[in-house]
Amino acid sequence: MTDIKQYLLLRHRDIAGLDQLETYRQSGGFEAFQKAVTGMQPGQVTDVVKASGLRGRGGAGFPTGMKWSFIDNKNWPHYVVANADESEPGTFKDREIMTYNPFQFLEGLALCAYAVSAHEAYVYLRGEFWQVAAILDRCIAEMEAAGLLGDKLFGTDYSLRLHTHLGAGAYICGEETALLESMEGKLGQPRLRPPFPPSFGLYGKPTIVNNVETLTNLPLIIEKGAEWYRSYGTDRSPGVKIFSLSGCVNKPGNYELPLGTTFRELIYQHGGGLPEGRKIKSIMPAGASSSLIVATEEALDTAMDYESVPNVGAQLGSASVIVIDDSVNVAWLIHKTIEFFKHESCGKCTPCREGTYWMLHLTERIAGGHATSQDVELLHDVASQMKGKCFCALGEFSIEAVLSGIERFPQDFEHE
Amino acid sequence: MSKLVTLTIDDKQVTVPEGTVIVDAAKKVGIDIPVFCYHPKMEPVGMCRMCLVDVGRPVIDRATGQPVLEPDGSPKVQFGPKLETACTTLVSEGMVVVGMSEKVKAGRKDVLEFLLTSHPLDCPVCDKGGECPLQNLTMGFGPGESRFLYDEKMHLAKHVPLGDLIFLDRERCIQCGRCVRFQSEVVDDPVIGFYNRGRKLEIRTYSDPGFDSYFSGNTSDICPVGALTTVDFRFGARPWEMRTTASICTHCAVGCNLAFNVRREAKAGGDIVIKRAMPRQNEQVNELWICDKGRFGYHFAESGGASPLERLAQPLVRRGGELQPASWDEALRLAAEGLHQAGRELLALVGGRLSNEDLFNIQALAQGLGGKIGLDTYMAGGDLVSQVGLGQGSNLGDLGQGSAILVVACDLEEEAPIWWLRLKRAVERGASLIVANPRPTKLERYAAHILRYGYGSEAATVAALLDAIDGKQNAANSGIKAAAEAITGLGNLVVVYGSEGLGLQGSQALAQACANLLIATGHFGQPNNGLLAVWPHANDQGAWEMGLRPLPDLPAALQAAKALYVAASDPLGDDPALAEALRALPFVVVQDLFLTETARLANVVLPALPFTERDGSFTSGERRVQRYYPAVLARPDARPDYAISGEICKRAGVEAEISSAAGVFARLAEKVPAYQGLNYRMLAQTAEQWPIVGRPDVYYGGTAYENTQGLGVQVKPGAQDGPPPARGALGAAPALPLQAGERLAVPVTRLYDHGSTIAHTGLLHARTPAPYVALHPGELPASDGAEVQLSLGGQVFTVTLRLDEALPAGVVLVPRSLGLPLRGPQAVELKVK
């Protein structure tokens, strides 16, 4: 069992009252930010983050420091947006961070802003997070009152302001360009890329969009250094990750573990295994956007990092691990995921708009038990037809469970 | 010139500028890559996924930077794992595009199958059927049968009026967003948009009234399915039943190229009727667009029956105090006798919607009899446009970086919508726009410099700008100085002037000030430089070219005349105060389409043919001479104006050509300097245009028609090869002393007015306001919408009051052609009722 003596991200579990500014500061809070603003050039902050090997925790795993270095320094102003749209089914890590450890997240956001010389940074929250937004607004006000935000911070010329922005409850707005469209008051639909946000972002200005968890890593990385951070996790996937464990397990919840921890350890040691008498059947490691992993012994022993999960036919994504046991029919399961994607498709591109709608009709018949075997073939066809043709990842992800479900669990699609 | 890139598309090599998307590069070598959301006039979005192709790029050795070669010496090409959208992927050197492989064809079939799952497949009753990209591409690439259960189709509203002019069929819509992007990108009227998401995504209008834009009709042309249809064409005809004739719009001086679709129709008694007006491509004039006035405003030509609003069916002569039907012979004889008798005391009054040929013959008659001829207009300066107008080879579509455009006294979107759109685009290409106007206009959204002056200071403002360019210290304000700096040093300067707040005297002075500016800075006689007048009529410039001039004092001219010959003009309808002077005239001949107010007083009334039933030519504001052709058969008892005048000439002993419009044009080309050497054949010549439209490839540019009947010829202004023009004096500004209780009223132009051409298009009536005056809220203790009494030239009109904080103080704005006879700035009284 991996032994983490102290939490890095879920530090509120170690320190009571961490959502109070005083407590947070007593625990070393905002020292990293002060250290950066008073003692480091913005580029040096980026260099440390690059050296730490931190990768984006929103799902894509893109190296964070490299993303920052793409920011267009010929076009000003720069913006930073924290992606707090956390909408992937089975993902609930950012909410815990923002609710109980909000200052560490906001400090991370401030560090990112400093690193790219932005003077305004935003937190884009999904509409349902209005209570979280209230917490963050309170924290931001306290930071302003404490001189941690505003003009001439720590006696330097650097100024920074933070703002929260509530979306209207659309999954697609977690896609960074749709998020930016939504922030601009437009319909939440993804933009054509390139150009990418670091060159053409919010209001057409260079913008860094980072996930909440990614940003929450930053204060400790700046404080303790890249080498320290690299002591966690694997060589190519350094650091810790919050795994949101759900589904058929005894102890669902958020588990902060080093990247590279095995599925077996997460599910059986931390998650307490499956309820009595049930057998593990499948794992969805990235929420509804995930392929269904056949839960073989080999799969259970696979390390949960960005490189290893593809070996068992899936992606780590946002690491929202859904455990499926033998009581679950996969046809029913994919019907549920398609219901979600059909509801959340933005409608911009043809394959996703029409494909998810069509797939829902098919899975409804299949899960309802009044389909023919041609319907299953057709479902597989429709999903394959969408593959590689969608405008953004939503459409491409919507078919992962469908294709893997039909291919890996054919027995669940057979008629009695 | 940007860098050129060579690539291979389906084994054809093509060289195009860097930054071109694959779809366009393919089009240039005749390869069709199907698209729905892409349109060559708009930014690519890549959302319909129809244009997926296989794209390979040469493999470059990272160490050497050199291309990796195959064993046979050809460059090694690496294809990506996924198909790429040809509408968003930019070409690159050595790229290999495969557009017809089995993989690509399968991709197209897949996307089409998706689109068809929600499509109603009601092609047999759809207006687009026959010219529908979805239908054509389905035939080309689509699946032969449906795997989607019919019962699972969504059923949506099929008759949704987005506004008065455009209907939406929600079932047919494929959410390509072309209409939404056209409205926001091309014309900057973002009044429609997407609503909801996923399969519930739908087009909605956000304006009140709905789809409030002068350009809405164009969305039905670029809609790749039958989702958007125009009110006057929907369920009207099938595309394959119709023939097409080329025409020119008569509503303003832009000269948009039109195509009329016509067919023989049982309910018209077997006659050929116009079913719709469509844009005809002329990249130098209107590109692929026309405004709604041009699209819907042709209906005046097809009115019939007996009401006074309907077209004249036969000649009328006054017998025993009544106008009674007569034969052409009798009517022409009477007219000729009466006009001949007046001789030197003959006054001919002509309107700017007559063709060059008509004007030429009427001028021949007036001059042959020794009489006078005047152009009925409120705007002057055409003589200066003849001299320093846009140089031959000018194209507003070429203005961009390095060009300055000055627009003075003009609400361009109201006066000439397509020019508004083209200048907007010029600014987007980098042109520097200066807008000088007493009140804000829509064009100012794109202005780099805005010069605000008081009504009456138009010419002085331009003169001050010239002084500032000349470096004169007295050239006061900083705005003018900044504008002067913006103009200085740029290669091109186009000066556009309109008639906002102006009458004849004011606009002549303004035109002179503009001409002086161009002459002093050397911006004349070369392409993309010169003076552009925003005339109210299609052929005002043609009249000026021919030497016709406005009458400085119409009432005095009427009093001095013994006979009046009126064509395409209605002085009494425009100004009831002229009744006495007209009644006092011993002899009046009117030739027109309608029984106008003036015609009711006439001795002889001669029915003329509208532009849809005859041929002729107009000279646009850009001095492009363009031909129009008969679209439908002429009504039996009406004749073209040039023929009527020619017949009168013959009977009055004046020589004239009457055989054909082409024959008259040949004559006038000999006489009128600007048209030397021109003939009808030259006007009918065409050239390759980009983007390619109007062929079987409706999927690409929409249903705008290819230009096969003539791009027209832009004629040289006098200063292009001739002697250098000289600056002229501006003349003193007209003094307008106001008595106690009086206010200054100035005329402004609205696109939809009560002019005779709009009056017959019921479709546009909802958008045409009742007579009103507008002023600043501080001017009158009354509320917006109140009824007020306007005393104007001895008459009192009850009008609606419009309060507008954007207006300057101290003036009353009176819209033209809404029944309030104001030909120029004038003192009026305004009372709250």
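Letters go in sequence order (proteins before strands), and every chain restarts at 1. Below, each value reflects all heavy atoms present in this structure, side chains not excepted, and no hydrogens, waters or symmetry copies.
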Checklist entry - Any idea which of B:Thr88, B:Asn196, B:Leu83, B:Thr85 has the most non-hydrogen atom pairs under 4.5 angstrom with chain A? => result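 Option with the top pair count is B:Thr88.
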
Next on the checklist: Let's test your reading of the structure: which of B:Lys82, B:Glu113, B:Lys200 forms the most heavy-atom pairs below 4.5 Å with chain A?
Outcome noted: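 If we count pairs closer than 4.5 Å to chain A, B:Glu113 comes out on top.
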
Next on the checklist: Sub-4.5 Å heavy-atom contacts with chain A: which residues of residues 181-193 of chain B show up?
Outcome noted: none

Any side-chain donor near an acceptor of the partner, [X] and [Y], under 3.5 Å:
{"X": "B:Tyr38", "Y": "B:Asp24", "answer": "yes"}
{"X": "A:Thr91", "Y": "A:Ser318", "answer": "yes"}
{"X": "A:Ser289", "Y": "A:Glu88", "answer": "yes"}

Item to check | salt bridge (charged side-chain N to carboxylate O under 4.0 Å, His left out): pairs with one or both residues in residues 352-363 of chain A, sequence neighbours excluded | outcome: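 Sorted pair list: A:Glu354-B:Arg199.
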
Checklist entry - Which residue pairs pass the salt bridge (charged side-chain N to carboxylate O under 4.0 Å, His left out) test when at least one of the two sits in residues 367-388 of chain A, sequence neighbours left out? => result A:Arg365-A:Asp375, A:Asp381-B:Arg147

Electrostatic pair [X]-[Y], nearest N-O below 4.0 angstrom:
{"X": "B:Glu102", "Y": "B:Arg108", "result": "no"}
{"X": "A:Glu176", "Y": "A:Lys67", "result": "yes"}
{"X": "B:Asp110", "Y": "B:Arg49", "result": "no"}

For [X], which atoms come within 4.5 Å of any heavy atom of chain A: side chain, backbone, both, or neither?
{"X": "B:Pro81", "result": "neither"}
{"X": "B:Leu115", "result": "both"}
{"X": "B:Met154", "result": "both"}

Item to check | Residue B:Arg445 excluded, over 12 heavy atoms near CZ under 6.0 Å | outcome: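 Atom CZ in B:Arg445 is packed in, count exceeds 12.
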
Item to check | Contact listing (chain B partner; residues 389-396 of chain A; heavy atom under 4.5 Å) | outcome: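 Listed by number, the contacting residues are A:Lys389, A:Cys390, A:Phe391.
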
Checklist entry - Is the A:Tyr171-A:Phe340 ring centre distance short of 6.0 angstrom? => result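 Yes, close enough.
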
Item to check | Between A:Tyr124 and A:His165, ring centroids under 6.0 Å | outcome: yes

Checklist entry - Regarding A:Arg126 and the six-membered ring of A:Phe129, is the cationic atom NZ or CZ under 6.0 Å from the ring centre and inside 45° of its axis? => result yes

Checklist entry - Looking at B:Tyr700, is B:Lys27 sitting on its ring face, NZ or CZ under 6.0 Å from the six-membered ring centre and within 45 degrees of the normal? => result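 Yes; both conditions hold, so B:Lys27 lies above the ring face of B:Tyr700.
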
Item to check | Contacting region of A:Gln374 [heavy-atom separation from chain B under 4.5 Å] | outcome: neither

Checklist entry - Who among A:Pro190, A:Cys346, A:Ala170 has the most heavy-atom pairs with chain B under 4.5 Å? => result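 Winner by heavy-atom pair count: A:Cys346.
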
